[in-house]
Peer 1: 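This is the structure, below, for whatever I ask next.
Below, chain A is the first sequence line, B the second, and so on; all start at residue 1.
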Amino acid sequence: MNAPVEGRVVYIVDDDDAMRDSLRWLLESAGYRVSSYCSAERFLAAYKPDHGSCLVLDVRMSGISGLELQQELNRRGTTLPIIFVTGHGDVPMAVDALKNGAFHFLVF
Amino acid sequence: MNRLAAQLKTMSRGRLLAICVGLVVAIGIVDYVTGYEMSVAMLYLAPIFIAAWTLATGAAVFIAVLAMAASFVSVSYIYAEYAQPILHVWGGMIQFAMFVSFAVVVSKLKSALSHADERFATVLEGLNSAVYVSDAKTGEVLYANEQFRRTFPAGTRLPYLPQSAREGEVHDASRGKWYLIHSRPMRWIDGRTVRLQLATDVTERRRAEALYRQQQEKMQLTARLVTVGEMASTIAHELNQPLAAITNYNMGCVRRLNSGHWNEAELLDAMQKSAAQAERASKVIQRVRAFVARRAPNLVLCDINEVVGGVSQMIGVEARQSGATLKLELSTFVPYVHADPLLMEQVILNLSRNAIEAMQEAHNGERQLTIRSRPNGSDLVEVEIADSGRGIDPQLEANLFTPFFSTKREGMGLGLHICRSIVEAHGGRVWVSRNSGEGVTFHFSLKSVFAT
């Protein structure tokens, strides 16, 4: 396992409370600092470029969806790597995400 | 008098004729003995009447001729007393005409009466229902038609309907049959109070109804299974979320314990959260199981708002996954209804899922699902499921509720049909209307407990 990059933050955006909280718990056990948001809107409001190390993103959320958030970040020219995490992803969705530059597309 | 009439009725024709002839002869002798000073001619009318009432017209005329002859012979020895012998013959002819016309008139009257009687008897005997009149006090059967005699042979017990009841369906255990009985009190011809009852065998109808109910129940169970099947991916996701969270919490604990850097309070907290997620998963399974569980329809006093509240969780999950928001607008003044809460959940769930799907198809605007409840007068409760989809093709509208009609690629076309049969089984109705803005609204109404 790579050593965590000191001072860098992993962002989590997921609208399920338990998923968000448990992911934070897991990532903190690996030594990351975690900052979590319950919606894409909240994340966009708080996000400042060049602060994070990566973004763990849920695909389906009410309001702005994960894929829409990815497009918005691309439009803003951020290079934040995105790892999608979803319970029901399908192939077209994964292809879409990866074409738009996602780092990984995880299905649990 | 009644007894005499009844006795006459049972006698054979030959004996009746003999009695009439006997009477005529007897009266003739009396006529001869009493002489012309005392006229007994009126007495001849008795045997003529008996013959006309009980025998054919011909026999009555024969007795009339006989009576005439007897009268003529008995008084003929005094015809010398007449100023003109022809007067005696003239008097006899008048008497003869009177006797014969009396015989004919009585005979015609009798046949007219018995025709009228026969018409009623034919109708009553031909009925498929048992008709009977019984004494209100003793229960003695005073009249019974053919069907009654066939269904309830003498000595068997009659299906019992309480005195006060006007009609009702009664189960006859000894025959294994159901009878629909109509009963009304009336005054019998002899003045006593009797009950006129009409018993119709409704066993077949009841069997058909029971079969229909069974099939409806089976269909509703199938509908629930179909719904659960269609919702499989939603349910899987609902289970996946807590299971993934449990994995995360546990792996977080394992990693901390392995690294040696941990504090007890933190681990305990994570383990508790993990347990709570296991509970959440088990609730999902319970909910699905309760939804599928087979049971007889159960009409209870229920608050439709509570039903909407109960099923809104499942709908909320579906809505969220397709990027729609669910809004509940429930009136607090909705009266209670007599309904099966589970079946109502099914209807609301089916209509809501349709609405969510309608908004998914080629639609980029806001996806808003609204469930409303409101009273309509004091008699009706209305529930509305409104979507902001693209509406329904007017050409398809007529077929909306037809079974096996579907616009969905994988639809079975049963959803709306089932909704309608459930609501109609509750005495309500389902319909659809266009929204002033986007989309359509499905409505269903149920009778409130205040409905008359």
Peer 1: What's the shortest heavy-atom distance between A:S29 and B:G252, and which atoms?
Peer 2: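 Closest approach of A:S29 to B:G252: CB-O, 3.6 Å.
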
Peer 1: Output, in order, the C-alpha distance, side-chain angles, deciding distance and verdict of salt bridge (Lys or Arg N to Asp or Glu O under 4.0 Å) for B:K273 and A:D17.
Peer 2: CA-CA 11 Å; B:K273 283 176 178 168; A:D17 296 344; over 6 Å; no

Peer 1: Give, for atom CE of B:M251 and atom CG of A:L26, the distance between the pair rounded to the nearest 0.5 Å.
Peer 2: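 Going from the CE atom of B:M251 to the CG atom of A:L26 covers 7.0 Å.
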
Peer 1: To the nearest 0.5 Å, how far apart are CD in B:Q241 and OG1 in A:T86?
Peer 2: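 Here the rounded value is 8.0 Å.
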
Peer 1: Could you check whether any side-chain heavy atom of B:R256 comes within less than 4.5 Å of a side-chain heavy atom of A:W25, counting everything from C-beta outward?
Peer 2: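 A side-chain contact exists here, since the closest heavy-atom pair is under 4.5 Å.
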
Peer 1: Distance check, rounded to the nearest 0.5 Å: A:M19 atom CE versus B:Q277 atom CD?
Peer 2: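 So the gap between those two atoms works out to 9.5 Å.
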
Peer 1: Just so I understand: if I count every heavy-atom pair under 4.5 Å between each of A:V85, A:D21, A:D14, A:V59 and chain B, which residue has the most?
Peer 2: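 Going by pairs under 4.5 Å, I would pick A:D21.
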
Peer 1: So, for A:A18 and B:Y249, which heavy atoms are closest and what is the spacing to 0.1 Å?
Peer 2: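 Shortest heavy-atom contact: O-OH, 3.9 Å.
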
Peer 1: Can you check whether A:R24 reaches B:N248 side chain to side chain, under 4.5 Å on heavy atoms?
Peer 2: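 Result no, sub-4.5 Å side-chain heavy-atom pair not found.
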
Peer 1: By a 4.5 Å heavy-atom criterion (distance strictly below it), what part of B:L267 contacts chain A: side chain, backbone, both, or neither?
Peer 2: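 The answer is both parts of B:L267.
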
